[in-house]
Engineer: 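What follows is a single structure, and I will ask about it in a moment.
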Amino acid sequence: MIHRFELVYEMDTTLGCAVAAYLDAEHYAFLHSKYSPRYEVLDKSGRTIRIRQTWHFNNVRIGQLCTTEYVPPARFLNYDVSGWPAWLPSVHQVMKTRTELFYYPDSTGQKTISHLVVELDVPRLMRPLLGKLEASMIALKKEKDLEDMDMIFRRERLFGRGNLKGYLADHQFMLHKEDFVQHFGTPDAERRAAELALAAAPASARRAGVVELGVAEMRV
Amino acid sequence: MKILPTGKKAIVLRQGSEIQVFAEVCPHLGADLSEARYCARTKTLQCKWHGYLFSSDDGRFVENPNEKLMPLLREPSAHFQAGKTPRYRLGSLPHVVAGDRLYFLKHEAAQ
């Protein structure tokens, strides 16, 4: 059976800053070390990357493999999730997970809507666990986004809202840098990227009245 | 960590008889270095955001650990020059030590 849920909230930042924070892979193993202290890239093909996130549990290194895909300017997919090592019993052996994250501007164009669509393909017998599973996925997503927002707000205080100069510098590494520069390298490009992001938003997209992250959540 | 009357924060490190005072802004992307991890053995400060390491002796950039973590992705391109990491350095705050007190100066003291 397919269990589908969405998580929609507003982030008080520009689309460019939200996308930059997502593509800034260098922070995953540090700012988000609580969740995945080790982040390794196993393979890359175009805009698709196979990653392994691991942590230590009772002196055993365990984790998960996942494929991530970037669809410019502001859509991010995660799929083919499996446990690691493969012999280790894992929920991923009976459950297929696919997530699709859309960023698009709110009705004022000044803030960003984060719209996560999750699809879990699970055996019916797992139905009683779905509520807890969904709640833990939502909590994790919000915690990580709050950590990112903390950094985004700090940069805003120091360098001004929407300032992408640090990310655009040619010494600064980020995933899919060429795509990012193409879509967010200039104010004109950023405006076009916002239009494209809106056009790519899911049918259930909403742009006004969305609750801000950290205040409450809006679920559909 | 010390909060100055101006509202700014400073990082004060005592290493033996030496006292180092650094500004709290990471020169990479601006994280709060008062939350950095200090290692007395390697004499480094590690930024919590991207893990960049700085010498706690003089504030110079030591290492970006991500270069080892994701070499597969760090291919040079038109807008990413892997070999052009700036010579980051932590901002050093002017100060004087008098007895058991540390004074922050608005401007560098005249030599």
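Worth knowing before you read on, the calculation uses all heavy atoms, side chains too, and leaves out hydrogens, waters and symmetry mates. Residue numbers begin at 1 in each chain, while the letters A, B, ... track the order of the sequences.
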Engineer: Grab the two heavy atoms, one from B:Gly51 and one from A:Phe30, that are nearest each other, plus how far apart they are.
Structural biologist: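 Closest approach of B:Gly51 to A:Phe30: CA-CD2, 3.4 Å.
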Engineer: Quick check on B:Asp32 against chain A: is it the side chain, the backbone, both or neither that has a heavy atom closer than 4.5 Å?
Structural biologist: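 Contact with chain A involves both backbone and side-chain atoms of B:Asp32.
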Engineer: I need the contact set between residues 35-47 of chain B and chain A: heavy-atom distance under 4.5 Å, sorted by residue number.
Structural biologist: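 Result: B:Gln46.
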Engineer: Show the numbers, then the answer: is there a side-chain contact (heavy atoms from CB on, under 4.5 Å) between A:Gln172 and B:Leu29?
Structural biologist: CA-CA 9 Å; A:Gln172 175 63 33; B:Leu29 280 180; 4.0 Å; yes
Engineer: Could you grab the distance from atom CD of A:Glu26 to atom CG of B:Leu69, nearest 0.5 Å is fine?
Structural biologist: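 A:Glu26 CD to B:Leu69 CG: 9.0 Å, rounded to 0.5 Å.
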Engineer: For A:Pro187, enumerate each residue passing the side-chain contact (heavy atoms from CB on, under 4.5 Å) test, keeping only those at least two apart in sequence or located in another chain.
Structural biologist: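 So A:Pro187 forms a side-chain contact (heavy atoms from CB on, under 4.5 Å) with A:Arg191.
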Engineer: Which of the residues A:Val41, A:Asp170, A:Asp24 is involved in the greatest number of heavy-atom pairs with chain B at under 4.5 angstrom?
Structural biologist: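 Ranked by heavy-atom pairs under 4.5 Å with chain B, first place is A:Asp170.
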Engineer: Side chains of A:His171 and B:Tyr88: do they bring a donor and an acceptor to under 3.5 Å?
Structural biologist: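 Judged by distance alone, the side chains do pair up.
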Engineer: To the closest 0.5 Å, what do you measure between CG (B:Leu73) and CG (A:Leu175)?
Structural biologist: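 Atom-to-atom, B:Leu73:CG and A:Leu175:CG are 6.0 Å apart.
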Engineer: Which residues in residues 143-168 of chain A have any heavy atom closer than 4.5 Å to a heavy atom of chain B?
Structural biologist: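 Hits under 4.5 Å: A:Asp150, A:Met151, A:Arg154, A:Arg155, A:Leu158, A:Phe159, A:Gly166, A:Tyr167.
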Engineer: Tell me, with the steps shown, if B:His50 and A:Leu31 meet side-chain contact (heavy atoms from CB on, under 4.5 Å).
Structural biologist: CA-CA 7 Å; B:His50 296 92; A:Leu31 185 67; over 6 Å; no
Engineer: Could you name the residues of residues 74-82 of chain B that have a heavy atom within less than 4.5 Å of a heavy atom in chain A?
Structural biologist: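 Residues of residues 74-82 of chain B touching chain A at under 4.5 Å: B:Arg74, B:Ser77, B:Ala78, B:His79, B:Phe80, B:Gln81.
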Engineer: Measure A:Ile51 against the heavy atoms of chain B and call it side chain, backbone, both or neither at under 4.5 Å.
Structural biologist: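 It is neither, since no heavy atom gets under 4.5 Å.
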Engineer: Heavy-atom distances under 4.5 Å only: say whether A:Ala25 touches chain B with side chain, backbone, both or neither.
Structural biologist: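 Both parts, heavy atoms under 4.5 Å.
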Engineer: With rounding to the nearest 0.5 angstrom, report the CG to CG distance, B:Leu72 to A:Leu42.
Structural biologist: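 One gets 8.5 Å once the value is rounded to the nearest 0.5 Å.
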Engineer: Check the side chains of A:His27 and B:Asn66 for a donor-acceptor pair under 3.5 angstrom, ignoring hydrogens and angles.
Structural biologist: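 No, no side-chain donor-acceptor pair sits under 3.5 Å.
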Engineer: Against chain B, work out which of A:Glu178, A:Glu40, A:His176 has the most heavy-atom pairs shorter than 4.5 Å and name it.
Structural biologist: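 Result: the option with the highest number of such pairs is A:Glu178.
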